[in-house]
Each structure stands twice: as structure tokens, then as C-alpha cells.
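Below is one structure, written out as C-alpha cells; the observations come after it.
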Amino acid sequence: YNWAFARAMGGTFILRIEDTDPTRSTEENTQVILNAMKRLGLDWDEEQTPQSLRSEAYRGMFSRLEEKNLVYPCYCSRVELHAASAPHASDGTLLYAGTCRNLTDAQRAAKTKTPCWRVAVPDEDVSFTDGLQGAYTQNLARACGDFIVRRADGVYAYQLAVVTDDAQAGVTQVVRGSDLLSSTPRQIWLQRQLGFPEPGYYHVPLLVAPDGREIGLERQPAVFALVGRIQEETHRFAITYHRQLRSKRLRYSELDGIPGIGAKRKQELLRQFKSLSAIGQATLPELERLLPKDAAAAVYHHFHDGNAQE
């Protein structure tokens, strides 16, 4: 989907190796991913530096959170975190109790364990609309608690890394597995704290083996067996979808002549309103929430002053 959408809409398909976990991220596993993509014919336009080599970028974002007093050291042991008395979410997920959030300087100085670092999340809802799953709301304090942004070994956690990478690469659309749906509110909250734009999200069902289990890199034979079976179907879908989107893009070429509406703003309009008809029916305040006032006025008058094509 990501590949076909990027190709049809004139976008950029970015390859990023997310290898923040050094115990699981190996060159061999990276090659498995790249080989599978090549067998499916999924080429890419840009390759972002692997996360394992971007610590300096993450350090900068961590410092910004630190300046806003949003992070604190946590000295809790694994035994303490998994104690029977530890709080849990309604679905059984373990929550961090905030044990170290309000330690005094003297209490922290007395600790001998190297800490990880957590962000102090508010007791508030974060909502967004997923392109496939629909409206989704999560209360950070009750669903995940204060989450880790830097591990005790100095490795920056996935949530901070992926938010930084998306912003610095100019990512406008994220398509990924539904197992990451519940992580998205945390990432959106981080984006807001760091002043980053929020991309659109699409969470697709996971591909599973015949026995119902998720397919990971540790099950390479199953991966390649399925790749061989779905390769032809994937190409057929991609070609068909590419043609459909290309046809739609030609219909949207009318937007090209509106002052202040470049390729990026056109994509924002299409993502928000879904169709040319919906853009034409949008009110001026609705357009101004998405575009600068001059550009919003130009779009509004284009459709309401008789300039639009039938």
C-alpha cells in the first residue's frame, strides 16, 4: 500500500531500518527484510540512516524534553516493575506506577543503580483517526503510564527514535502493522511536545502463519514460503491500485492552478477531504484550519466563484 500510494501520488518511498534493539538487530536480519522487499519488487527512493547510527539526533530531542522538565530518571528493578501489586491497565498491560517520578535530589543521589529515563505523561486523552481502523482514543496515564525514552544502557527507545526519524525525514504518511496501533498516541504526544507535524496513520492487519502466529524473522522459512505465494497477487494489486490512483491524480490536476497550492498542500487537502467534491464543499473556516489564510481563500473562491471545472 505504501509503495503503491507513493508511486501513484508522486511521493517518496523511504526505507528505514529500525534497529534500536541491539540484541535482535543483526546484519543477517536486515538482509532478510531487504531480500523480501526485493523479491516483491518494492524499491525505494531514499534510505534513511539506520536508527543504531542516529544517537546524536535522538540525544538532541531528549535534551528538548529535558529542558521542558518532561523526563526523569527511573531506578526501579525488573522485579519491582513486575511485582504482583504493580498497577495494570484494563486489558492486563503492566503500567508504571510512577514510583520514581517525584524523588527528591537527595533520594536520587542515594541510588546506586544506573537509571533509565521516562517521560511524565499527563492524565489526558490523545485521539486521532486512523485511515483503516477509524477513530482511536487513549488515555496515556491509564493505558501505558510514564514510558521509557532512554534505556539504562544509553540506547534511546523506539518511541522517541521513530518520532524523530519521521519528522526529520518529512514523513507525511505511516502505514504499518496493527500491533503498533496502541503506540501511536504516545508518538503523537511526543510529536506535540517537540513541535513536530503529525503524519497520517494507517494500521493494517498482521500477516500470520497458518497456525495463527505472527511471522517474525526467527521464522524465515515461513516468511519466504509466504513471499513466494503472495508475490504474484501483490504485484497484481499494486499495478491495479497504481492505475486507480494515477487516474484520480489526473482528476485532481485542477488544484495545480490555484495560487499557493503546491504539491505538499495538495496532498494535505486530499488526505483531509478525500475527494475533489469534498474540497469544493468545504467552508472557508475548514480550509483555514488546514492552510494559510491566503491559500485557503484561493481554494474557496476557486470553487465558489465559478472557476472550478465540471
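These numbers were taken from a predicted model, which means no experiment stands behind them. The residues of the chain are indexed from 1 along the displayed sequence.
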What side-chain donor-acceptor pairs closer than 3.5 Å can you find for residues 160-171, not counting sequence neighbours?
unit_1 : atom_1 : unit_2 : atom_2 : d
Thr164 : OG1    : Leu160 : O      : 2.8
Asp165 : OD1    : Arg54  : NE     : 2.7
Asp165 : OD1    : Arg54  : NH2    : 3.1
Asp165 : OD1    : Tyr58  : OH     : 3.0
Asp165 : OD2    : Gln51  : NE2    : 3.0
Asp165 : OD2    : Tyr58  : OH     : 3.0
Asp166 : OD1    : Arg16  : NH1    : 3.0
Asp166 : OD1    : Arg16  : NH2    : 2.9
Gln168 : OE1    : Arg54  : NH2    : 2.6

Donor-acceptor pairs are to be reported for all side-chain atoms of residues 188-197 against protein atoms at under 3.5 Å, with residues two or more places apart or in another chain.
unit_1 : atom_1 : unit_2 : atom_2 : d
Gln191 : NE2    : Tyr201 : OH     : 2.9
Arg192 : NE     : Glu198 : OE2    : 2.8
Gln193 : NE2    : Trp189 : O      : 3.2

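The two residues Pro185 and Tyr136 make their nearest non-hydrogen contact at CG-CE2, 3.8 Å. Taking each heavy atom of Gln159 and Phe147 in turn, the nearest pair found is CB-CE1, 4.1 Å. Between Cys100 and Pro73, the shortest heavy-atom distance links the atoms CB-O, 3.5 Å. Minimum interatomic distance between Gln138 and Ala143 (heavy atoms only, all atoms of both residues): CG-CB, 3.3 Å.
Taking CG of Asp294 as the start and CD of Glu288 as the end, the distance is 9.5 Å to the nearest 0.5 Å. The structure places NZ of Lys38 at 11.0 Å from CG of Asp43, a figure rounded to the nearest 0.5 Å. Atom CG of Leu181 and atom OG of Ser183 lie 8.5 Å apart (nearest 0.5 Å). Separation of atoms CD1 (Ile17) and CG (Leu34) is listed at 5.0 Å; rounding is to 0.5 Å. Between the CD atom of Glu46 and the CD1 atom of Ile14 there is a distance of 5.0 Å, given to the nearest 0.5 Å. How far SG of Cys76 is from NZ of Lys111: 7.5 Å, rounded to the nearest 0.5 Å.
Considering only residues two or more places apart in sequence or on other chains, Ala295 meets the side-chain contact (heavy atoms from CB on, under 4.5 Å) condition with Ile261, Arg265, Leu291, Pro292. Under the rule for a salt bridge (charged side-chain N to carboxylate O under 4.0 Å, His left out), Arg108 has no partner lying at least two apart in sequence or in another chain. Listed by chain and number, the residues in a side-chain contact (heavy atoms from CB on, under 4.5 Å) with Thr129 amount to none (sequence neighbours excluded). With sequence neighbours excluded, the residues that form a side-chain contact (heavy atoms from CB on, under 4.5 Å) with Thr104 are Ala106, Gln107. Qualifying side-chain contact (heavy atoms from CB on, under 4.5 Å) partners for Val175, counting only residues two or more places apart in sequence or in other chains: Tyr1, Asn2, Gln173, Tyr202, Val204.
The salt bridge (Lys or Arg N to Asp or Glu O under 4.0 Å) analysis of residues 112-139, with sequence neighbours excluded, yields the pairs Asp123-Arg142. For residues 143-157, every residue pair satisfying the salt bridge (Lys or Arg N to Asp or Glu O under 4.0 Å) rule, not counting sequence neighbours, is listed here: Arg101-Asp146, Arg151-Asp153. Screening residues 97-118 for ring pair (Phe, Tyr, Trp, His ring centres under 6.0 Å) gives Phe62-Trp117 as the qualifying pairs, with residues at least two apart or on separate chains. For residues 56-71, the set of pairs meeting the salt bridge (Lys or Arg N to Asp or Glu O under 4.0 Å) definition, not counting sequence neighbours, comprises Glu56-Arg59.
Cluster annotation: Ile148 and Tyr156 are assigned to distinct hydrophobic clusters (Ile/Leu/Val/Met/Phe/Trp/Tyr, side-chain heavy-atom contacts under 4.5 Å, transitive). One hydrophobic cluster holds both Leu284 and Leu269 under the rule that ILVMFWY side chains link at heavy-atom gaps under 4.5 Å. Under the 4.5 Å side-chain heavy-atom criterion for Ile, Leu, Val, Met, Phe, Trp and Tyr, Phe128 and Leu140 are members of the same hydrophobic cluster. Each of Val149 and Tyr72 belongs to its own hydrophobic cluster when Ile, Leu, Val, Met, Phe, Trp and Tyr are linked at side-chain heavy-atom distances under 4.5 angstrom. Taken together through direct or relayed side-chain contacts under 4.5 Å among Ile, Leu, Val, Met, Phe, Trp and Tyr, Leu180 and Leu206 form parts of separate hydrophobic clusters.
Contact check for Glu286 versus Tyr300: no side-chain heavy atoms found under the 4.5 Å cut-off. Side-chain contact check for Asp19 versus Asn29: every heavy-atom pair is 4.5 Å or farther apart.
Of the possible donor and acceptor atoms, none in the side chain of Asp45 sits under 3.5 Å from a partner among the backbone N and O of Thr12.
Listed by chain and number, the hydrophobic cluster partners of Tyr75 are Leu103, where partners are ILVMFWY side chains within reach of under 4.5 Å, directly or through others.
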